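Working notes for the structure below.
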Amino acid sequence: QVRLEESGGGLVQAGGSLRISCAASRRIFSTYAMGWFRQAPGKEREFVAAISRIDGKTYYVDSVKGRFTIYRDNAKNTVYLQMNSLKPEDTAVYLCAAAPGGAVTTMVYDYQYWGQGTQVTVSS
């Protein structure tokens, strides 16, 4: 059974920090690359960050570089997104996703499994 379960979203003031988590089933976590996307109302789903299963390589969209960090805890089958210096434009539903093959990818269609999402709201 495939499981991707996000947690940790909430309301935070601009400039604040938040960490969101994605717990995955062991089979997925051990063989898939993991990514975070976000979707704001009326907007397309946007790539945020991804981490390779092969070599731990990470990749970020330019708008979050230097503020967000993606990392994996292999013992817990969990991927995290640490978000610092949050801005109101970061407000969105954040979705965890898993891509087969293990390599980093930024493309939505490369991701096979998706979580339900967690809401992140940044107030100004």
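All values derive from a computational prediction rather than experimental measurement. We use all heavy atoms of the structure for the numbers below, so side chains are in, but hydrogens, waters and symmetry mates are not. We number each residue from 1, following the sequence as shown.
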Quick one, Glu6 and Ile20 - any side-chain contact, counting heavy atoms below 4.5 Å? no
Do Tyr111 and Arg45 come close enough that some side-chain heavy atom pair is under 4.5 Å? no
Roughly how far apart are [X] [atom1] and [Y] [atom2], rounded to 0.5 Å?
X	Y	atom1	atom2	result
Thr121	Leu11	OG1	CG	6.0 Å
Ser52	Met34	OG	CE	12.0 Å
Asn74	Phe29	CG	CZ	5.0 Å
Gln13	Leu18	CD	CG	12.5 Å

Over all heavy atoms of both residues, which pair between [X] and [Y] is shortest? Give the atoms and the distance, please.
X	Y	result
Asp62	Lys65	OD1-NZ, 3.0 Å
Ser21	Thr78	CB-CG2, 4.1 Å
Val108	Phe37	CG2-CE2, 3.5 Å
Asn84	Ser17	OD1-OG, 2.9 Å
Thr105	Phe47	O-CE1, 3.7 Å
Ser63	Glu46	OG-OE2, 4.3 Å

Report whether Met83 and Ile51 are members of the same hydrophobic cluster (ILVMFWY, side-chain heavy atoms less than 4.5 Å apart, transitive linking). yes
Are Leu86 and Val64 connected, step by step, through hydrophobic side chains (Ile, Leu, Val, Met, Phe, Trp, Tyr) whose heavy atoms are closer than 4.5 Å? yes
Without placing hydrogens or testing angles, list every side-chain donor-acceptor pair under 3.5 Å for residues 87-103, not counting sequence neighbours.
from	atom 1	to	atom 2	distance (Å)
Asp90	OD1	Arg38	NH1	3.0
Asp90	OD1	Arg67	NH2	3.1
Asp90	OD2	Arg67	NH1	2.8
Asp90	OD2	Arg67	NH2	3.4
Asp90	OD2	Lys87	N	2.8
Thr91	OG1	Pro88	O	2.9
Thr91	OG1	Val122	N	2.9
Thr91	OG1	Val122	O	3.4
Tyr94	OH	Arg38	NH1	2.9
Tyr94	OH	Asp90	O	2.6

Could you work out the complete set of other residues in the hydrophobic cluster of Tyr109, with links drawn between I, L, V, M, F, W and Y side chains under 4.5 Å apart? Met107
Set out, in order, the CA-CA distance, both residues' side-chain angles and the distance that settles side chain to side chain contact (heavy atoms under 4.5 Å, CB included) for Ile70 and Tyr60, then state yes or no. CA-CA 9 Å; Ile70 185 172; Tyr60 301 90; 3.5 Å; yes
Residues 27-36 vs side-chain hydrogen bond (donor to acceptor under 3.5 Å, both in side chains), sequence neighbours excluded, gives Tyr32-Gln112
Taking atom OH of Tyr59 as the centre, report whether more than 12 heavy atoms of other residues, nucleotides or ligands fall under 6.0 Å from it. no
Residues which pass salt bridge (charged side-chain N to carboxylate O under 4.0 Å, His left out) with [X], listed by chain and number, not counting sequence neighbours:
X	result
Arg19	none
Asp55	none
Lys43	none

